[in-house]
Number of protein chains: 2
Amino acid sequence: MFVRITTDRRPQPNTLDEFGLAGTFNRIIGLSEFKYRKDTEIFGEKEPAVYVYQVKHGAVRSYKLLSDGRRQIAAFHLVGDIFGIENGNTHRFTAEAVVETVARLIKRESIQLVAARDAVVSHNLLSMTTRNLEHAENHMLLLGRKTAVERVAAFLLEMDCRTGADNVSLPMTRRDIADYLGLTLETVSRVLSSLRKAGVLTFLDGDQREIMLNDRSRLADFDRQEPARP
Amino acid sequence: MFVRITTDRRPQPNTLDEFGLAGTFNRIIGLSEFKYRKDTEIFGEKEPAVYVYQVKHGAVRSYKLLSDGRRQIAAFHLVGDIFGIENGNTHRFTAEAVVETVARLIKRESIQLVAARDAVVSHNLLSMTTRNLEHAENHMLLLGRKTAVERVAAFLLEMDCRTGADNVSLPMTRRDIADYLGLTLETVSRVLSSLRKAGVLTFLDGDQREIMLNDRSRLADFDRQEPARP
DNA sequence: CGAAATCTTGATTGAATTCAATCTAAGTGG
DNA sequence: CCACTTAGATTGAATTCAATCAAGATTTCG
(Lines give C-alpha, C1' and ligand atoms only; values in the text may rest on other atoms or scores of the structure.)
Protein backbone atom coordinates (compact mmCIF):
# COMPACT_ATOMS: atom_id res chain seq x y z
CA MET A 1 0.00 0.00 0.00
CA PHE A 2 1.82 3.09 -1.10
CA VAL A 3 -0.43 5.75 0.31
CA ARG A 4 0.92 9.17 -0.45
CA ILE A 5 0.72 11.40 2.57
CA THR A 6 -0.21 15.00 2.02
CA THR A 7 1.72 17.22 4.39
CA ASP A 8 1.78 20.90 5.09
CA ARG A 9 5.08 21.19 3.37
CA ARG A 10 4.48 21.88 -0.28
CA PRO A 11 6.59 20.28 -2.99
CA GLN A 12 8.08 23.77 -3.48
CA PRO A 13 8.00 23.55 -7.22
CA ASN A 14 9.36 27.05 -7.75
CA THR A 15 9.44 26.56 -11.45
CA LEU A 16 10.22 29.41 -13.77
CA ASP A 17 6.56 29.64 -14.65
CA GLU A 18 5.95 30.90 -11.17
CA PHE A 19 7.65 34.09 -12.15
CA GLY A 20 5.05 34.36 -14.86
CA LEU A 21 8.07 34.35 -17.06
CA ALA A 22 7.64 31.37 -19.32
CA GLY A 23 7.53 32.10 -23.02
CA THR A 24 8.70 35.50 -24.14
CA PHE A 25 10.55 36.40 -20.99
CA ASN A 26 13.17 33.74 -21.52
CA ARG A 27 14.05 35.28 -24.85
CA ILE A 28 14.15 38.80 -23.54
CA ILE A 29 16.77 38.37 -20.88
CA GLY A 30 18.72 35.52 -22.42
CA LEU A 31 19.19 32.71 -19.96
CA SER A 32 22.61 31.23 -19.51
CA GLU A 33 23.56 27.93 -17.96
CA PHE A 34 26.49 26.97 -15.83
CA LYS A 35 27.88 23.71 -14.55
CA TYR A 36 29.23 23.37 -11.00
CA ARG A 37 31.36 20.47 -9.88
CA LYS A 38 30.54 18.61 -6.68
CA ASP A 39 31.21 20.63 -3.53
CA THR A 40 32.05 23.86 -5.32
CA GLU A 41 30.68 27.19 -4.24
CA ILE A 42 28.00 28.83 -6.38
CA PHE A 43 27.98 32.02 -4.36
CA GLY A 44 29.17 33.00 -0.91
CA GLU A 45 27.49 34.69 2.03
CA LYS A 46 27.70 38.49 1.85
CA GLU A 47 28.77 38.41 -1.78
CA PRO A 48 26.93 40.81 -4.06
CA ALA A 49 23.89 39.12 -5.53
CA VAL A 50 24.16 39.36 -9.29
CA TYR A 51 22.23 36.33 -10.42
CA VAL A 52 19.23 34.27 -9.47
CA TYR A 53 19.60 30.56 -10.10
CA GLN A 54 17.42 27.66 -11.07
CA VAL A 55 18.56 24.08 -10.61
CA LYS A 56 18.48 22.34 -13.97
CA HIS A 57 20.22 19.19 -12.80
CA GLY A 58 21.75 18.15 -9.50
CA ALA A 59 21.24 19.57 -6.01
CA VAL A 60 22.37 22.59 -4.02
CA ARG A 61 22.71 23.30 -0.32
CA SER A 62 22.55 26.79 1.14
CA TYR A 63 23.90 27.36 4.59
CA LYS A 64 25.23 29.71 7.20
CA LEU A 65 28.32 29.15 9.36
CA LEU A 66 29.32 30.10 12.86
CA SER A 67 32.86 31.27 13.48
CA ASP A 68 33.95 27.86 14.79
CA GLY A 69 32.64 26.01 11.76
CA ARG A 70 29.26 24.89 13.01
CA ARG A 71 27.00 24.86 9.99
CA GLN A 72 23.26 25.18 9.53
CA ILE A 73 21.89 24.22 6.16
CA ALA A 74 18.70 26.20 5.64
CA ALA A 75 17.54 24.43 2.51
CA PHE A 76 18.35 21.95 -0.20
CA HIS A 77 17.47 23.09 -3.71
CA LEU A 78 16.44 20.31 -6.06
CA VAL A 79 15.72 20.22 -9.78
CA GLY A 80 13.38 23.04 -10.73
CA ASP A 81 13.95 25.07 -7.58
CA ILE A 82 14.91 28.70 -7.78
CA PHE A 83 17.41 29.99 -5.26
CA GLY A 84 19.69 32.93 -4.57
CA ILE A 85 16.81 35.33 -4.85
CA GLU A 86 17.54 38.28 -2.59
CA ASN A 87 15.88 41.55 -1.90
CA GLY A 88 19.01 43.30 -0.73
CA ASN A 89 22.13 43.43 -2.83
CA THR A 90 24.03 40.67 -1.07
CA HIS A 91 23.50 36.95 -0.55
CA ARG A 92 22.54 35.91 2.94
CA PHE A 93 23.86 32.37 2.41
CA THR A 94 26.59 30.35 0.89
CA ALA A 95 25.33 28.04 -1.84
CA GLU A 96 27.27 24.95 -2.88
CA ALA A 97 26.68 22.15 -5.33
CA VAL A 98 25.93 18.91 -3.45
CA VAL A 99 26.67 16.90 -6.58
CA GLU A 100 27.59 17.96 -10.09
CA THR A 101 24.96 20.53 -10.82
CA VAL A 102 23.75 22.53 -13.77
CA ALA A 103 21.99 25.81 -13.05
CA ARG A 104 20.30 28.42 -15.17
CA LEU A 105 21.40 31.94 -14.36
CA ILE A 106 19.16 34.96 -14.59
CA LYS A 107 20.39 38.49 -14.04
CA ARG A 108 18.81 39.77 -10.89
CA GLU A 109 18.40 43.28 -12.22
CA SER A 110 16.44 42.08 -15.23
CA ILE A 111 13.94 40.39 -12.95
CA GLN A 112 13.64 43.51 -10.87
CA LEU A 113 13.16 45.51 -14.03
CA VAL A 114 10.28 43.35 -15.16
CA ALA A 115 8.82 43.17 -11.64
CA ALA A 116 8.71 46.95 -11.39
CA ARG A 117 6.44 47.09 -14.43
CA ASP A 118 4.50 43.86 -14.28
CA ALA A 119 2.28 43.27 -11.27
CA VAL A 120 1.97 39.57 -12.04
CA VAL A 121 5.71 39.03 -11.96
CA SER A 122 5.97 41.09 -8.83
CA HIS A 123 3.23 39.06 -7.20
CA ASN A 124 4.92 35.81 -8.12
CA LEU A 125 8.17 37.08 -6.66
CA LEU A 126 6.39 37.77 -3.39
CA SER A 127 4.67 34.45 -3.47
CA MET A 128 7.98 32.64 -3.96
CA THR A 129 9.54 34.49 -1.04
CA THR A 130 6.51 33.67 1.08
CA ARG A 131 6.89 30.00 0.21
CA ASN A 132 10.51 30.16 1.34
CA LEU A 133 9.39 31.86 4.53
CA GLU A 134 6.81 29.15 5.11
CA HIS A 135 9.47 26.49 4.74
CA ALA A 136 11.71 28.33 7.17
CA GLU A 137 8.88 28.59 9.69
CA ASN A 138 8.20 24.87 9.57
CA HIS A 139 11.89 24.21 9.85
CA MET A 140 12.13 26.37 12.97
CA LEU A 141 9.50 24.17 14.58
CA LEU A 142 11.52 21.12 13.61
CA LEU A 143 14.82 22.54 14.89
CA GLY A 144 13.41 23.97 18.08
CA ARG A 145 11.00 21.30 19.19
CA LYS A 146 11.31 17.96 17.42
CA THR A 147 13.25 14.87 18.51
CA ALA A 148 15.91 13.22 16.36
CA VAL A 149 13.50 10.57 15.07
CA GLU A 150 10.86 13.15 14.25
CA ARG A 151 13.39 15.27 12.39
CA VAL A 152 14.67 12.42 10.25
CA ALA A 153 11.15 11.20 9.53
CA ALA A 154 10.09 14.72 8.56
CA PHE A 155 13.15 15.03 6.32
CA LEU A 156 12.44 11.79 4.48
CA LEU A 157 8.81 12.77 3.97
CA GLU A 158 9.86 16.19 2.73
CA MET A 159 12.30 14.71 0.23
CA ASP A 160 9.77 12.11 -0.83
CA CYS A 161 7.15 14.77 -1.33
CA ARG A 162 9.45 17.08 -3.26
CA THR A 163 11.04 14.58 -5.61
CA GLY A 164 7.76 12.84 -6.34
CA ALA A 165 9.58 9.71 -7.54
CA ASP A 166 8.80 6.26 -6.17
CA ASN A 167 12.03 6.11 -4.23
CA VAL A 168 13.74 8.82 -2.26
CA SER A 169 17.22 9.55 -3.48
CA LEU A 170 19.43 11.49 -1.16
CA PRO A 171 22.25 13.13 -3.08
CA MET A 172 23.64 14.70 0.09
CA THR A 173 25.90 13.10 2.70
CA ARG A 174 24.87 12.17 6.25
CA ARG A 175 26.72 15.23 7.43
CA ASP A 176 24.65 17.44 5.12
CA ILE A 177 21.46 15.89 6.43
CA ALA A 178 22.69 16.35 9.99
CA ASP A 179 23.50 20.01 9.37
CA TYR A 180 20.06 20.49 7.89
CA LEU A 181 18.34 18.83 10.84
CA GLY A 182 20.48 20.26 13.62
CA LEU A 183 21.90 16.83 14.54
CA THR A 184 25.20 14.98 14.20
CA LEU A 185 25.89 12.62 11.33
CA GLU A 186 26.09 9.71 13.79
CA THR A 187 22.61 10.41 15.08
CA VAL A 188 21.23 10.61 11.54
CA SER A 189 22.88 7.31 10.71
CA ARG A 190 21.53 5.65 13.85
CA VAL A 191 17.99 6.84 13.25
CA LEU A 192 18.06 5.70 9.63
CA SER A 193 19.33 2.30 10.78
CA SER A 194 16.59 1.98 13.35
CA LEU A 195 13.94 2.96 10.80
CA ARG A 196 15.38 0.36 8.44
CA LYS A 197 15.30 -2.29 11.18
CA ALA A 198 11.72 -1.27 11.97
CA GLY A 199 10.89 -2.03 8.33
CA VAL A 200 9.74 1.49 7.53
CA LEU A 201 12.38 1.91 4.83
CA THR A 202 14.84 -0.06 2.75
CA PHE A 203 18.22 0.89 1.32
CA LEU A 204 18.23 0.04 -2.37
CA ASP A 205 21.17 -1.50 -4.27
CA GLY A 206 23.09 -1.51 -1.01
CA ASP A 207 23.39 2.20 -1.75
CA GLN A 208 22.84 4.31 1.35
CA ARG A 209 21.71 7.22 -0.77
CA GLU A 210 18.77 5.47 -2.41
CA ILE A 211 15.90 4.70 -0.11
CA MET A 212 12.52 3.07 -0.52
CA LEU A 213 9.79 4.13 1.89
CA ASN A 214 7.82 0.99 2.67
CA ASP A 215 5.19 2.62 4.81
CA ARG A 216 4.75 6.36 4.51
CA SER A 217 1.92 6.55 7.00
CA ARG A 218 3.96 4.76 9.64
CA LEU A 219 6.88 7.08 8.88
CA ALA A 220 4.50 10.01 9.31
CA ASP A 221 3.63 8.60 12.73
CA PHE A 222 7.28 8.95 13.68
CA ASP A 223 6.93 12.63 12.90
CA ARG A 224 4.36 14.44 14.97
CA GLN A 225 2.90 17.20 12.85
CA GLU A 226 1.18 20.28 14.13
CA PRO A 227 -2.54 20.17 14.94
CA ALA A 228 -5.17 22.09 13.03
CA ARG A 229 -6.10 24.35 15.93
CA PRO A 230 -4.60 25.12 19.33
CA MET B 1 31.05 52.08 28.80
CA PHE B 2 27.88 51.36 26.92
CA VAL B 3 29.11 50.45 23.51
CA ARG B 4 26.23 49.58 21.25
CA ILE B 5 26.96 46.50 19.21
CA THR B 6 25.78 46.41 15.64
CA THR B 7 24.64 42.93 14.73
CA ASP B 8 23.40 41.30 11.59
CA ARG B 9 19.91 41.24 12.95
CA ARG B 10 18.20 44.48 12.04
CA PRO B 11 15.93 46.28 14.41
CA GLN B 12 13.10 45.15 12.14
CA PRO B 13 11.34 48.47 12.19
CA ASN B 14 8.54 47.37 9.91
CA THR B 15 6.82 50.67 10.31
CA LEU B 16 3.85 51.57 8.21
CA ASP B 17 6.02 53.86 6.16
CA GLU B 18 7.70 50.79 4.80
CA PHE B 19 4.55 50.06 2.91
CA GLY B 20 5.00 53.44 1.35
CA LEU B 21 1.64 54.03 2.92
CA ALA B 22 2.08 56.94 5.23
CA GLY B 23 -0.03 59.99 4.56
CA THR B 24 -2.95 59.61 2.22
CA PHE B 25 -3.10 55.86 2.33
CA ASN B 26 -4.16 55.81 5.95
CA ARG B 27 -7.19 57.91 5.09
CA ILE B 28 -8.12 55.85 2.08
CA ILE B 29 -8.54 52.51 3.75
CA GLY B 30 -9.56 53.72 7.18
CA LEU B 31 -7.46 52.16 9.88
CA SER B 32 -9.16 50.68 12.88
CA GLU B 33 -7.67 49.81 16.23
CA PHE B 34 -8.33 46.97 18.57
CA LYS B 35 -7.32 46.13 22.11
CA TYR B 36 -6.38 42.60 23.14
CA ARG B 37 -6.14 41.49 26.75
CA LYS B 38 -3.10 39.57 27.97
CA ASP B 39 -2.87 36.03 26.61
CA THR B 40 -5.80 36.37 24.23
CA GLU B 41 -5.67 35.12 20.67
CA ILE B 42 -5.45 37.67 17.88
CA PHE B 43 -5.78 35.09 15.16
CA GLY B 44 -5.34 31.34 14.94
CA GLU B 45 -3.33 29.07 12.69
CA LYS B 46 -5.22 28.10 9.54
CA GLU B 47 -7.80 30.80 10.08
CA PRO B 48 -8.65 32.91 7.04
CA ALA B 49 -6.39 35.96 6.94
CA VAL B 50 -8.61 39.01 6.81
CA TYR B 51 -6.45 41.64 8.44
CA VAL B 52 -2.85 42.67 8.69
CA TYR B 53 -1.84 44.03 12.07
CA GLN B 54 0.54 46.59 13.43
CA VAL B 55 1.47 46.67 17.11
CA LYS B 56 0.56 50.06 18.53
CA HIS B 57 1.23 49.17 22.13
CA GLY B 58 2.22 45.92 23.86
CA ALA B 59 3.76 42.77 22.42
CA VAL B 60 2.64 39.75 20.43
CA ARG B 61 3.96 36.21 20.04
CA SER B 62 3.33 34.10 16.97
CA TYR B 63 3.82 30.39 17.22
CA LYS B 64 3.14 26.92 15.92
CA LEU B 65 2.17 23.91 17.98
CA LEU B 66 2.81 20.19 17.73
CA SER B 67 -0.03 17.81 18.54
CA ASP B 68 1.29 17.13 22.03
CA GLY B 69 1.52 20.81 22.90
CA ARG B 70 5.17 21.50 22.19
CA ARG B 71 5.33 25.08 21.01
CA GLN B 72 7.74 27.00 18.83
CA ILE B 73 7.47 30.76 18.92
CA ALA B 74 8.72 32.06 15.59
CA ALA B 75 8.77 35.73 16.48
CA PHE B 76 7.85 38.38 18.97
CA HIS B 77 6.23 41.47 17.51
CA LEU B 78 6.99 44.69 19.34
CA VAL B 79 5.67 48.22 19.01
CA GLY B 80 5.72 49.29 15.38
CA ASP B 81 6.02 45.78 13.97
CA ILE B 82 3.62 44.58 11.32
CA PHE B 83 2.48 40.97 11.51
CA GLY B 84 -0.11 38.61 10.14
CA ILE B 85 0.87 39.43 6.62
CA GLU B 86 0.21 36.39 4.49
CA ASN B 87 0.39 35.62 0.83
CA GLY B 88 -2.10 32.79 0.95
CA ASN B 89 -5.55 33.23 2.38
CA THR B 90 -4.90 31.62 5.74
CA HIS B 91 -2.65 32.42 8.67
CA ARG B 92 0.29 30.10 9.14
CA PHE B 93 0.58 30.92 12.85
CA THR B 94 -1.36 31.62 15.95
CA ALA B 95 -0.81 35.13 17.27
CA GLU B 96 -1.46 36.02 20.90
CA ALA B 97 -1.05 39.14 22.99
CA VAL B 98 1.86 38.71 25.41
CA VAL B 99 0.58 41.63 27.48
CA GLU B 100 -2.36 43.96 26.99
CA THR B 101 -1.88 45.04 23.41
CA VAL B 102 -3.34 47.56 21.04
CA ALA B 103 -3.07 46.83 17.34
CA ARG B 104 -4.02 48.68 14.20
CA LEU B 105 -5.94 46.55 11.75
CA ILE B 106 -5.71 46.91 8.01
CA LYS B 107 -7.86 44.96 5.61
CA ARG B 108 -5.63 42.57 3.74
CA GLU B 109 -7.52 42.97 0.49
CA SER B 110 -7.07 46.72 0.49
CA ILE B 111 -3.31 46.30 0.71
CA GLN B 112 -3.38 43.78 -2.09
CA LEU B 113 -5.50 46.16 -4.11
CA VAL B 114 -3.00 48.96 -3.73
CA ALA B 115 -0.04 46.62 -4.25
CA ALA B 116 -1.47 45.46 -7.55
CA ARG B 117 -1.37 49.00 -8.89
CA ASP B 118 1.55 50.58 -7.07
CA ALA B 119 5.00 49.11 -7.68
CA VAL B 120 6.44 50.89 -4.65
CA VAL B 121 3.93 49.34 -2.27
CA SER B 122 4.42 45.97 -3.88
CA HIS B 123 8.18 46.33 -3.52
CA ASN B 124 7.84 47.24 0.14
CA LEU B 125 5.62 44.25 0.71
CA LEU B 126 8.32 42.02 -0.75
CA SER B 127 10.98 43.72 1.25
CA MET B 128 9.07 43.20 4.47
CA THR B 129 8.59 39.52 3.71
CA THR B 130 12.28 39.24 2.91
CA ARG B 131 13.15 40.79 6.26
CA ASN B 132 10.95 38.21 7.96
CA LEU B 133 12.67 35.51 5.97
CA GLU B 134 16.05 36.83 6.99
CA HIS B 135 15.04 36.72 10.63
CA ALA B 136 13.81 33.17 10.22
CA GLU B 137 17.09 32.17 8.59
CA ASN B 138 19.14 33.56 11.46
CA HIS B 139 16.82 31.87 13.91
CA MET B 140 17.29 28.51 12.19
CA LEU B 141 21.02 28.85 12.78
CA LEU B 142 20.34 29.63 16.42
CA LEU B 143 17.92 26.74 16.89
CA GLY B 144 19.97 24.20 14.99
CA ARG B 145 23.48 24.98 16.08
CA LYS B 146 23.80 27.28 19.07
CA THR B 147 24.26 26.34 22.74
CA ALA B 148 21.89 27.49 25.48
CA VAL B 149 24.17 30.36 26.53
CA GLU B 150 24.61 31.52 22.94
CA ARG B 151 20.86 31.45 22.37
CA VAL B 152 20.03 33.51 25.43
CA ALA B 153 22.82 35.99 24.69
CA ALA B 154 21.58 36.34 21.12
CA PHE B 155 18.05 36.85 22.37
CA LEU B 156 19.04 39.62 24.77
CA LEU B 157 21.05 41.36 22.09
CA GLU B 158 18.15 41.07 19.66
CA MET B 159 15.70 42.56 22.14
CA ASP B 160 18.16 45.27 23.08
CA CYS B 161 18.71 46.12 19.45
CA ARG B 162 15.01 46.16 18.62
CA THR B 163 13.70 48.18 21.51
CA GLY B 164 16.51 50.70 21.34
CA ALA B 165 15.92 51.81 24.94
CA ASP B 166 18.68 51.88 27.55
CA ASN B 167 17.35 48.84 29.35
CA VAL B 168 15.89 45.69 27.92
CA SER B 169 12.37 45.03 29.06
CA LEU B 170 11.07 41.54 28.54
CA PRO B 171 7.28 41.54 28.53
CA MET B 172 7.19 37.77 27.92
CA THR B 173 7.57 34.98 30.47
CA ARG B 174 10.53 32.63 30.77
CA ARG B 175 8.40 29.99 29.11
CA ASP B 176 7.83 32.28 26.13
CA ILE B 177 11.54 32.95 25.87
CA ALA B 178 12.23 29.23 26.14
CA ASP B 179 9.74 28.41 23.39
CA TYR B 180 11.33 31.06 21.21
CA LEU B 181 14.83 29.71 21.80
CA GLY B 182 14.03 25.99 21.69
CA LEU B 183 14.94 25.51 25.36
CA THR B 184 13.11 24.86 28.62
CA LEU B 185 12.16 27.67 30.95
CA GLU B 186 14.51 26.28 33.61
CA THR B 187 17.45 26.46 31.25
CA VAL B 188 16.61 30.04 30.33
CA SER B 189 16.39 30.94 34.00
CA ARG B 190 19.69 29.23 34.78
CA VAL B 191 21.52 30.98 31.95
CA LEU B 192 20.12 34.38 32.94
CA SER B 193 21.23 33.73 36.52
CA SER B 194 24.71 32.80 35.43
CA LEU B 195 24.95 35.89 33.23
CA ARG B 196 23.80 37.98 36.16
CA LYS B 197 26.39 36.36 38.42
CA ALA B 198 29.02 36.97 35.76
CA GLY B 199 28.11 40.67 35.94
CA VAL B 200 27.03 40.92 32.32
CA LEU B 201 23.51 41.99 33.24
CA THR B 202 21.48 43.26 36.19
CA PHE B 203 17.81 42.79 37.08
CA LEU B 204 16.29 46.19 37.76
CA ASP B 205 13.81 46.98 40.57
CA GLY B 206 14.03 43.36 41.61
CA ASP B 207 11.82 42.82 38.56
CA GLN B 208 12.93 39.86 36.49
CA ARG B 209 11.42 41.37 33.38
CA GLU B 210 13.52 44.52 33.37
CA ILE B 211 17.18 43.99 32.60
CA MET B 212 20.18 46.24 32.26
CA LEU B 213 22.98 45.05 29.99
CA ASN B 214 26.19 46.08 31.72
CA ASP B 215 28.52 44.92 29.01
CA ARG B 216 27.09 44.39 25.56
CA SER B 217 30.37 43.43 24.00
CA ARG B 218 30.97 40.71 26.59
CA LEU B 219 27.43 39.51 26.05
CA ALA B 220 28.15 39.39 22.35
CA ASP B 221 31.14 37.19 23.14
CA PHE B 222 28.77 34.69 24.72
CA ASP B 223 27.05 34.50 21.36
CA ARG B 224 29.20 33.37 18.53
CA GLN B 225 28.04 35.07 15.38
CA GLU B 226 28.62 33.89 11.87
CA PRO B 227 31.86 34.82 10.12
CA ALA B 228 32.01 37.05 7.11
CA ARG B 229 33.19 34.37 4.75
CA PRO B 230 33.46 30.57 4.93
C1' DC C 1 44.03 -2.70 -5.94
C1' DG C 2 44.92 0.54 -2.30
C1' DA C 3 43.75 4.92 -0.29
C1' DA C 4 40.46 8.09 1.08
C1' DA C 5 35.98 9.26 2.13
C1' DT C 6 31.73 8.03 3.98
C1' DC C 7 28.85 5.38 6.82
C1' DT C 8 27.71 2.41 10.69
C1' DT C 9 27.98 0.84 15.27
C1' DG C 10 29.52 0.75 20.12
C1' DA C 11 30.96 2.95 24.50
C1' DT C 12 31.00 6.93 27.09
C1' DT C 13 30.12 11.61 28.19
C1' DG C 14 27.69 15.74 28.75
C1' DA C 15 24.45 19.58 28.07
C1' DA C 16 20.03 20.31 28.66
C1' DT C 17 15.72 18.27 30.29
C1' DT C 18 12.87 16.55 33.75
C1' DC C 19 11.39 16.23 38.30
C1' DA C 20 10.98 18.47 42.62
C1' DA C 21 11.21 21.95 45.94
C1' DT C 22 11.41 26.50 47.40
C1' DC C 23 11.21 31.49 46.66
C1' DT C 24 9.16 35.82 45.17
C1' DA C 25 5.81 38.95 43.43
C1' DA C 26 1.24 40.03 42.60
C1' DG C 27 -3.28 39.69 43.53
C1' DT C 28 -7.67 38.76 46.37
C1' DG C 29 -10.84 39.00 49.75
C1' DG C 30 -11.91 39.04 54.71
C1' DC D 1 -3.87 45.88 56.05
C1' DC D 2 -2.54 41.40 56.13
C1' DA D 3 -3.11 36.31 55.69
C1' DC D 4 -3.84 33.40 51.76
C1' DT D 5 -3.63 32.00 47.04
C1' DT D 6 -1.63 31.78 42.61
C1' DA D 7 1.52 32.47 38.83
C1' DG D 8 6.04 32.87 37.70
C1' DA D 9 10.93 32.39 38.66
C1' DT D 10 14.82 30.22 40.71
C1' DT D 11 17.64 26.50 42.21
C1' DG D 12 19.00 21.65 43.08
C1' DA D 13 19.20 16.66 41.98
C1' DA D 14 18.49 13.00 38.90
C1' DT D 15 17.76 11.55 34.31
C1' DT D 16 18.04 11.28 29.35
C1' DC D 17 18.70 12.10 24.62
C1' DA D 18 21.89 13.23 21.63
C1' DA D 19 26.87 14.41 21.26
C1' DT D 20 31.40 12.92 21.42
C1' DC D 21 34.98 9.63 21.12
C1' DA D 22 36.53 5.54 18.95
C1' DA D 23 36.74 1.57 16.02
C1' DG D 24 35.41 -0.90 12.06
C1' DA D 25 32.77 -1.58 7.75
C1' DT D 26 31.65 -0.17 3.25
C1' DT D 27 31.88 2.51 -0.77
C1' DT D 28 34.17 5.38 -4.04
C1' DC D 29 37.70 6.60 -6.83
C1' DG D 30 42.37 7.38 -8.60
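Chain identifiers are assigned alphabetically (A, B, ...) following the order of the sequence lines, protein sequences preceding nucleic acid strands; residue numbering begins at 1 within each chain.
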| Under 6.0 Å between the ring centres of F34(B) and Y53(B)? | no
| said: If you take the centroid of each ring, where Trp contributes its six-membered ring, are Y180(B) and F155(B) closer together than 6.0 Å? | reply: yes
Is any side-chain N or O of [X] closer than 4.0 Å to OP1 or OP2 of [N]?
X	N	value
T184(A)	dA18(D)	no
S193(B)	dA9(D)	no
R209(A)	dT27(D)	no
S189(B)	dT11(D)	no
R190(A)	dA19(D)	no
R174(B)	dT10(D)	yes

Please report, rounded to the nearest Å, how far the [atom2] atom of [N] is from the [atom1] atom of [X].
X	N	atom1	atom2	value
D39(B)	dA7(D)	CG	C1'	11 Å
Q208(A)	dA25(D)	CD	P	15 Å
L185(B)	dT18(C)	CG	P	10 Å
L192(B)	dT10(D)	CG	P	6 Å
L170(A)	dT27(D)	CG	P	16 Å

| remark: 5'-most contact on DNA chain D (nearest-nucleotide basis), A148(A) vs E186(A), goes to A148(A)
| query | Between E86(B) and R92(B), is there a salt bridge with N-O shorter than 4.0 Å? | reply | yes
| In terms of the nearest nucleotide of DNA chain C, which residue is placed more toward the 5' end: S194(A) or R145(A)? | S194(A)
| message | Please check this pair: side chain of D179(A) against backbone of Q72(A), looking for a donor-acceptor N/O pair closer than 3.5 Å. | response | no
